[in-house]
Participant: 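This is the structure, below, for whatever I ask next.
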Amino acid sequence: MNPLTNPTHSALASLGLRGADLLTLGSLTPEQLLGLLNATRTLKADWRSAGKPLADKHVAMIFEKPSLRTRVSFEVAVNRLGGSAVSLDTGGTRLGERESAFDQGKNLERMVDAIVARVYSQAELETLALAARIPVVNALSDWHHPCQGLADCFTLLERFGHVKGLSIAYIGDGNNVSHSLMEGAALLGAELRVITPPRCEPLPEIVTSTKALEAKGGGRVTLSHDPAQVAGCAAIYTDTWTSMGQRERVFQDADARRRAFEPYKVDAKLMARARADAIFMHCLPAHRGVEVTDEVMDSPASVVFTQAENRLHVQTTLLAALFS
């Protein structure tokens, strides 16, 4: 099909995505975010309708951290859209250590058409994106996980038919996953209750920036330390209790950390406080028996593997939109 007459291609192009839009979920407008989710519905049903917008294009894949879902989903998405993924071995070094992130960006912009980076430092990622005159997609950093946030929002839309007005509980560590979920909820008009142990709240900078997004999208994000706040929610979401080594400084040792988080474990009793049709969400990998019980992970309410699959579909849509 001619790209100029392909309705899917036209819808993706109308989103007006730029490379700079992909470092955080909060950099999107409510219209762009909802447009991406609606386009994902189309491409999940028939990804071939996107055509081959990445034909003869190459995407550099930078992975500083081990990866299953991110690596596979992005590589499959790139291949589906006609492109080639070029995996870069960091050799255990972090972005900006062996060579400045700025210089890496200036090199890569001359050789590839986009960069997907799963890194430790949001600051170094932003330096990379500043240098490179090509799209840079944040596949995870210490502050944000926007592609996971896209998959989370799409999973909610797919299950309930809407995101606006939903009450969602995120319980556990106020980390990068919670940050992107906060931004998505604010932009889409949902109510998100972020429930954490004391001293494990989301970063104050993210809380502040989310308030500005609430004004744009009509959502509402609240913080709490009380697990009972999951009451009446349509979804209960958790993640691992420590992310990227950020919480070791808060507690004296691993035992102290586990004791602090134990009341926040998602088990059948906690799920029973939510709506009768509530779903359980987790970005994976899960530590079974730690932040969530097997009973919940393997229950009919669990959508964790659908969430994982949806990473592929939202990232296919994201890449197609960038190059349409």
Side-chain angles (χ1 to χ4, degrees), residues 11-12 14-15 17 21-22 24-45 144-172 176-195 202 206-207 209-224 229-239 266 271 274-284 301-318 321:
L12 293 169
S14 70
L15 296 176
L17 287 189
D21 291 330
L22 308 176
T24 73
L25 208 57
S27 60
L28 300 175
T29 66
E31 294 75 21
Q32 285 176 319
L33 178 52
L34 189 58
L36 276 171
L37 301 183
N38 287 329
T40 300
R41 278 177 158 172
T42 300
L43 294 192
K44 183 171 181 177
H144 296 279
H145 202 349
C147 293
Q148 182 65 54
L150 279 174
D152 298 338
C153 293
F154 178 69
T155 302
L156 290 163
L157 178 66
E158 194 174 40
R159 172 56 69 100
F160 296 105
H162 60 96
V163 180
K164 186 174 183 178
L166 284 180
S167 293
I168 306 155
Y170 176 93
I171 184 165
N176 50 1
V177 171
S178 72
H179 293 166
S180 291
L181 189 63
M182 289 164 63
E183 294 175 335
L187 288 169
L188 294 173
E191 179 204 8
L192 176 64
R193 307 169 192 174
V194 181
I195 306 162
I206 303 298
V207 175
S209 62
T210 298
K211 292 300 178 185
L213 300 179
E214 290 177 349
K216 294 180 180 179
R220 181 168 178 260
V221 177
T222 59
L223 305 185
S224 173
Q229 288 298 310
V230 305
C233 284
I236 296 180
Y237 193 140
T238 194
D239 189 10
V266 181
M271 286 295 300
R275 274 174 32 175
D277 62 344
I279 59 174
F280 170 70
M281 305 177 73
H282 195 304
C283 60
L284 304 179
S302 176
V303 297
V304 297
F305 300 116
T306 298
Q307 261 181 286
E309 178 193 341
N310 283 340
R311 289 288 303 279
L312 169 62
H313 303 305
V314 297
Q315 289 159 194
T316 300
T317 305
L318 188 62

Participant: Could you tell me which residues satisfy salt bridge (Lys or Arg N to Asp or Glu O under 4.0 Å) with Arg275, sequence neighbours excluded, listed by chain and number?
Facilitator: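 Expected list: Asp277.
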Participant: Quick one: list whatever passes side chain to side chain donor-acceptor pair (under 3.5 Å) with Glu158, sequence neighbours left out.
Facilitator: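 Here the qualifying residues are Lys44, Asn310.
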Participant: Please identify each residue that fulfils side chain to side chain donor-acceptor pair (under 3.5 Å) with Ser180, with sequence neighbours left out.
Facilitator: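 Partners of Ser180 by the side chain to side chain donor-acceptor pair (under 3.5 Å) criterion come out as none, since no residue qualifies.
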Participant: Just to verify, what does Leu284 make a side-chain contact (heavy atoms from CB on, under 4.5 Å) with, not counting sequence neighbours?
Facilitator: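 With sequence neighbours excluded, Leu284 shows a side-chain contact (heavy atoms from CB on, under 4.5 Å) to Arg69, His282, Ala286, Met297, Val304, Phe305, Ala308, given in chain and number order.
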Participant: What residues form a side-chain contact (heavy atoms from CB on, under 4.5 Å) with Glu31, not counting sequence neighbours?
Facilitator: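 Partners of Glu31 by the side-chain contact (heavy atoms from CB on, under 4.5 Å) criterion, ordered by chain and then number, come out as Thr29.
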Participant: Show every donor-acceptor pair shorter than 3.5 Å between a side-chain atom in residues 160-169 and any protein atom, with sequence neighbours excluded, or say none if there are none.
Facilitator:
| residue | atom | partner | partner atom | Å |
| --- | --- | --- | --- | --- |
| His162 | ND1 | Lys164 | O | 2.9 |
| Ser167 | OG | Glu191 | OE1 | 2.5 |

Participant: Would the distance check show the side chain of Thr238 and the main-chain N or O of Ile171 forming a donor-acceptor pair, the cut-off being under 3.5 Å?
Facilitator: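 Checking the backbone N and O of Ile171 against the side chain of Thr238, a donor-acceptor pair under 3.5 Å is found.
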Participant: Suppose we screen for side-chain contact (heavy atoms from CB on, under 4.5 Å). Which residues come up paired with Cys153, at least two apart in sequence or across chains?
Facilitator: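 side-chain contact (heavy atoms from CB on, under 4.5 Å) list for Cys153, sorted by chain: Leu37, Leu188.
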Participant: Could you pull out all residues at least two apart from Phe154 that satisfy ring-ring contact (aromatic ring centres under 6.0 Å, His included)?
Facilitator: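 Partners of Phe154 by the ring-ring contact (aromatic ring centres under 6.0 Å, His included) criterion come out as none, since no residue qualifies.
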Participant: For Leu36, give me all partners under side-chain contact (heavy atoms from CB on, under 4.5 Å), at least two apart in sequence or on another chain.
Facilitator: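 With neighbours one apart ignored, the set is Leu15, Leu17, Leu28, Leu150, Thr317, Leu318, Ala321.
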Participant: To check you understand the geometry: which heavy-atom pair defines the closest contact between Cys147 and Gln315, and what is its length?
Facilitator: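 Closest pair (atom of Cys147, atom of Gln315, distance): CB-OE1, 3.5 Å.
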Participant: Pick from Asn176, Val194, Leu181: which one makes a side chain to side chain contact (heavy atoms under 4.5 Å, CB included) with Pro202?
Facilitator: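 Testing each of Asn176, Val194, Leu181 against Pro202, the sole residue satisfying side chain to side chain contact (heavy atoms under 4.5 Å, CB included) is Val194.
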Participant: With sequence neighbours left out, write down each residue that passes side chain to side chain donor-acceptor pair (under 3.5 Å) with His144, or none if nothing qualifies.
Facilitator: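 By the side chain to side chain donor-acceptor pair (under 3.5 Å) rule, His144 matches no residue at all.
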